[in-house]
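Quick caveat, the model's predicted, so the values are computed rather than measured. Hydrogens, waters and symmetry mates are skipped; everything else that's a heavy atom, side chains included, is used.
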Amino acid sequence: MARHRYARQPAAGIRGLVISSRDLLLLAICVGGLLASWLVYGVSGPPDPVAFDAGTRLLSSPPPANKPAANQAAVVAPASRRGMPLPAASAPLQITYPAAGLNVVVHPLRPDPAETGAHSIEPPETMDGYWLSPFGTPGAGSTNTTYVIGHSWEGLDAPFNHLSYAAAPGDELKVVTETGAMTYKVESVTTYTKSTLKDSPIWTAVPSRLVLISCYTQDLWGKNVAVVASPVLGR
């Protein structure tokens, strides 16, 4: 005859509270787990809260500081937007002005003090450009206006002839110097009589400004044309 084990019956009023040794072991494990979780929580603190935007759309947790999210990647602005500085001021070597068909080598020219003071200067009879070195030098650190002059020729398709009829405000031209290249934008194109040119506003000292001067092709002996331009930063 099989033997049966019987648990001792509990006293009246506490029926169902009898706990076996296995139940006690499970209870001890649960209590131990809760205690361990409480200890970890007390050391590390609560988890980071989840961020919400103004529309309460759930966002992902903030990325680690050393690993930015894709939409937070740094974007480097183009050089023209960063305002890249001009090259250091130095002698101009060449001027290219596509809209006016001008592409000339530039040579330094130092007129005598009387010519410089009178603003009446005659360049050598070539088709090149001549930089008036007693005045300004193009580039960073310039302290005066830069002047480049050249002849217009009668009966020849000379480079400076085109300034009289093709140059216009808004045009861009490039100046190559000993330290780099700069882009200029034309601000004005003005015709003066030869007697008024020497007292015109173009002789006002404006650092980094460029003025191109030649004879006016429709009246070579009576008028001059002056093209005033300023540098475009970052180009």
K.L.:
Could you tell me whether the side chain of Val211 reaches within less than 4.5 Å of the side chain of Val227, counting heavy atoms only?
P.N.:
no
K.L.:
Sub-3.5 Å donor-acceptor pair from the side chain of Ser152 to the main-chain atoms of Ser214, do we have one?
P.N.:
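Side chain of Ser152 to backbone of Ser214, a donor-acceptor pair under 3.5 Å: no, none is there.
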K.L.:
Looking at every non-hydrogen atom in both residues, tell me the closest pair between Cys215 and Lys194 and how far apart they are.
P.N.:
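Looks like SG-NZ, 3.3 Å.
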K.L.:
Are Leu173 and Val228 connected, step by step, through hydrophobic side chains (Ile, Leu, Val, Met, Phe, Trp, Tyr) whose heavy atoms are closer than 4.5 Å?
P.N.:
no
K.L.:
Verify the cluster assignment for Ile121 and Tyr130: are they in a single hydrophobic cluster under the rule of side-chain heavy atoms below 4.5 Å apart?
P.N.:
yes
K.L.:
Applying salt bridge (charged side-chain N to carboxylate O under 4.0 Å, His left out), name anything that partners Glu172, two or more places apart in sequence or on another chain.
P.N.:
Arg235
K.L.:
What pair of heavy atoms forms the shortest contact from Thr177 to Met182, and how long is it?
P.N.:
CG2-CE, 3.7 Å
K.L.:
His151: which residues meet the ring pair (Phe, Tyr, Trp, His ring centres under 6.0 Å) condition with it, sequence neighbours left out?
P.N.:
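Per chain and number, His151 pairs via ring pair (Phe, Tyr, Trp, His ring centres under 6.0 Å) with no residue.
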K.L.:
Could you tell me if the ring centre of Trp203 sits under 6.0 Å from that of Tyr147?
P.N.:
yes
K.L.:
Closest approach of Asp157 and His162, non-hydrogen atoms and distance?
P.N.:
OD1-NE2, 2.7 Å
K.L.:
Are Glu154 and Asn161 close enough that a side-chain donor and a side-chain acceptor fall under 3.5 Å?
P.N.:
no
K.L.:
If you compare all heavy atoms of Val105 against all heavy atoms of Asp128, which two are closest, and at what distance to 0.1 Å?
P.N.:
O-CB, 3.5 Å
K.L.:
Could you check if a side-chain atom of Leu132 sits within less than 4.5 angstrom of a side-chain atom of Leu109, using non-hydrogen atoms only?
P.N.:
yes
